[in-house]
Amino acid sequence: MWNTKVLVADADSSDGTPQIANGFRSSLDIRVIPGGLPSAGRNAGAALADTRYLLFLDADIELASASLIRRAVDLAQRKRLHCVTTNILCREGNFSDHLLYIGNDLFQHLSRLHRPFSTGMFMLFDTPRFRELGGFDVRIRFAEDYHLSRQVARSRFGIVRGGVYTTNRRFQKMGHARVARLFLATAFNSWNKKFFLRDHKYWET
């Protein structure tokens, strides 16, 4: 891990994220950089990377397996993939929380038959291809990860077995019905650029 550059894009968090991250500087090549909305923060980190692959992670995820990153990179190298993601799991929460994440994983697997998509919770991207696509569109305020990954050819997209654990905080703040409606609206508007450019108030909750 010492040879792996870790970039933490911090959007003026109030929970001590920069201090906690910098506490690992004795064992990690870690750096805290200014963030913002996800597109801007991720692009800022990618601009400082000099590796063949970029791994984008959300702040509230935990790897379900210590080997997940290695296996994702192995899969990308072996099959010459441009984007690799994994399943999203929820260790906490109720039946509705688990059902929505299972639904997301199911749709993600089915999307490989036509136009695959990845969530930004765990997104391994081939650096040259990421830069060819122009990175994340900073004008997009919702589902920027979905929009970018939909530009990857299905033959260059993969899903590594296992998953990452996330929390149910978004469901608690927005409600299951609203999250489900946004997910379905995103799927039905996948060709409509104007939908992604609208402010859906996702980051204000």
Side-chain angles (χ1 to χ4, degrees), residues 1-63 68-69 72-73 82-86 88 90 104 117-152 163-174 178-179 182-183 186 193 195-205:
M1 284 298 293
W2 178 250
N3 295 323
T4 302
K5 184 181 295 184
V6 180
L7 298 162
V8 179
D10 181 64
D12 297 320
S13 59
S14 58
D15 60 358
T17 292
Q19 294 77 14
I20 294 171
N22 285 324
F24 290 92
R25 294 181 69 178
S26 61
S27 56
L28 292 174
D29 180 7
I30 192 167
R31 177 180 172 187
V32 179
I33 62 174
L37 288 175
S39 291
R42 288 170 176 159
N43 284 345
L48 298 174
D50 55 7
T51 52
R52 175 57 191 268
Y53 296 101
L54 302 165
L55 177 60
F56 299 99
L57 299 170
D58 274 1
D60 57 352
I61 66 98
E62 178 183 344
L63 302 183
L68 182 64
I69 296 176
V73 173
H82 289 157
C83 182
V84 176
T85 188
T86 191
I88 308 303
C90 185
N104 175 84
F117 75 89
S118 168
T119 70
M121 295 184 192
F122 184 100
M123 179 189 284
L124 181 78
F125 231 103
D126 175 80
T127 303
R129 184 57 177 153
F130 177 83
R131 289 177 176 155
E132 285 175 8
L133 293 173
F136 294 95
D137 191 334
V138 296
R139 298 171 300 168
I140 292 178
R141 298 179 60 86
F142 170 71
E144 74 293 329
D145 43 7
Y146 178 92
H147 184 268
L148 176 64
S149 59
R150 292 277 286 179
Q151 300 177 64
V152 174
V164 292
Y165 290 110
T166 188
T167 67
N168 61 348
R169 66 181 177 86
R170 184 63 58 183
F171 298 143
Q172 291 177 330
K173 289 183 178 181
M174 296 179 60
R178 186 183 172 200
V179 173
L182 272 176
F183 179 87
T186 301
K193 185 67 174 288
F195 173 83
F196 296 93
L197 295 176
R198 293 208 313 266
D199 184 5
H200 296 274
K201 310 297 182 183
Y202 186 78
W203 300 109
E204 295 181 12
T205 57

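All of these numbers come straight from a predicted model, not from anything done at the bench.
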Q) Got a second to check how far I88's CD1 is from I61's CD1, nearest 0.5 Å? A) 8.0 Å
**Q.** Gap separating the CG atom of D126 from the SG atom of C83, nearest 0.5 angstrom
**A.** 10.0 Å
Q. Is the shortest heavy-atom distance from the side chain of L148 to the side chain of F125 under 4.5 Å?
A. yes
Q) Which atom pair, heavy atoms only, marks the closest approach of C90 to T167? A) SG-C, 4.3 Å
Q.
Could you tell me if S149 and S118 have a donor-acceptor pair between their side chains, going purely by distance under 3.5 Å?
A. no
Q: Mind listing the closest non-hydrogen atom pair of V32 and A21 along with its distance?
A: CG2-CB, 3.8 Å
Q. Roughly how far, to the nearest 0.5 Å, is CZ of R178 from CZ of R170?
A. 9.0 Å
Q: Compare all side-chain heavy atoms of R52 with those of P128 and state whether any distance is below 4.5 angstrom.
A: yes
Q. When you check the gap from the basic side-chain N to the acidic O, do D10 and R31 get nearer than 4.0 Å?
A. no
Q | Minimal non-hydrogen separation, D58 against G120, with atom names | A | OD1-O, 3.4 Å
Q.
For the CG atom of N22 and the CD1 atom of I30, what is their distance to the nearest 0.5 Å?
A. 7.0 Å
Q: Mind running side-chain contact (heavy atoms from CB on, under 4.5 Å) on T51 and K5 for me, showing each step along the way?
A: CA-CA 9 Å; T51 52; K5 184 181 295 184; 5.9 Å; no
**Q.** Where A9 and G41 come nearest, the two heavy atoms and their spacing
**A.** CB-O, 3.6 Å
Q: Assess whether side-chain contact (heavy atoms from CB on, under 4.5 Å) is satisfied between Q151 and E132, documenting all intermediate values.
A: CA-CA 11 Å; Q151 300 177 64; E132 285 175 8; over 6 Å; no
Q. Is the count of non-hydrogen atoms from other residues, nucleotides or ligands lying under 6.0 Å from R131 atom CZ greater than 12?
A. yes
Q. Distance from D137 atom CG to K193 atom NZ, nearest 0.5 Å?
A. 4.5 Å
**Q.** Under 3.5 Å: donor-acceptor pair, side chain of R42, backbone of G135
**A.** no
Q) Under the side-chain contact (heavy atoms from CB on, under 4.5 Å) criterion, do L133 and H82 qualify, and how do the steps go? A) CA-CA 11 Å; L133 293 173; H82 289 157; over 6 Å; no
Q.
Determine whether a donor-acceptor pair (N or O, by modelled atom type, separation under 3.5 Å) exists between the side chain of T85 and the backbone of F122.
A. yes
Q: Give me the one residue out of I69, V84, V73 that meets side-chain contact (heavy atoms from CB on, under 4.5 Å) with L55.
A: I69
Q: Show your reasoning for whether side-chain contact (heavy atoms from CB on, under 4.5 Å) applies to I140 and L197.
A: CA-CA 5 Å; I140 292 178; L197 295 176; 4.1 Å; yes
Q: Look only at the side chain of D15 and the backbone of T17, and say whether a donor-acceptor pair between them is shorter than 3.5 Å.
A: yes
Q. Hey, what do you get for CD (E62) to OG1 (T166), rounding to the nearest 0.5 Å?
A. 10.5 Å
**Q.** Passing option when Y146 is tested against F117, F136, F183, F195 for ring pair (Phe, Tyr, Trp, His ring centres under 6.0 Å)
**A.** F117
Q: List the atom of A44, the atom of I33, and the distance in Å for their closest heavy-atom pair.
A: C-CD1, 3.8 Å
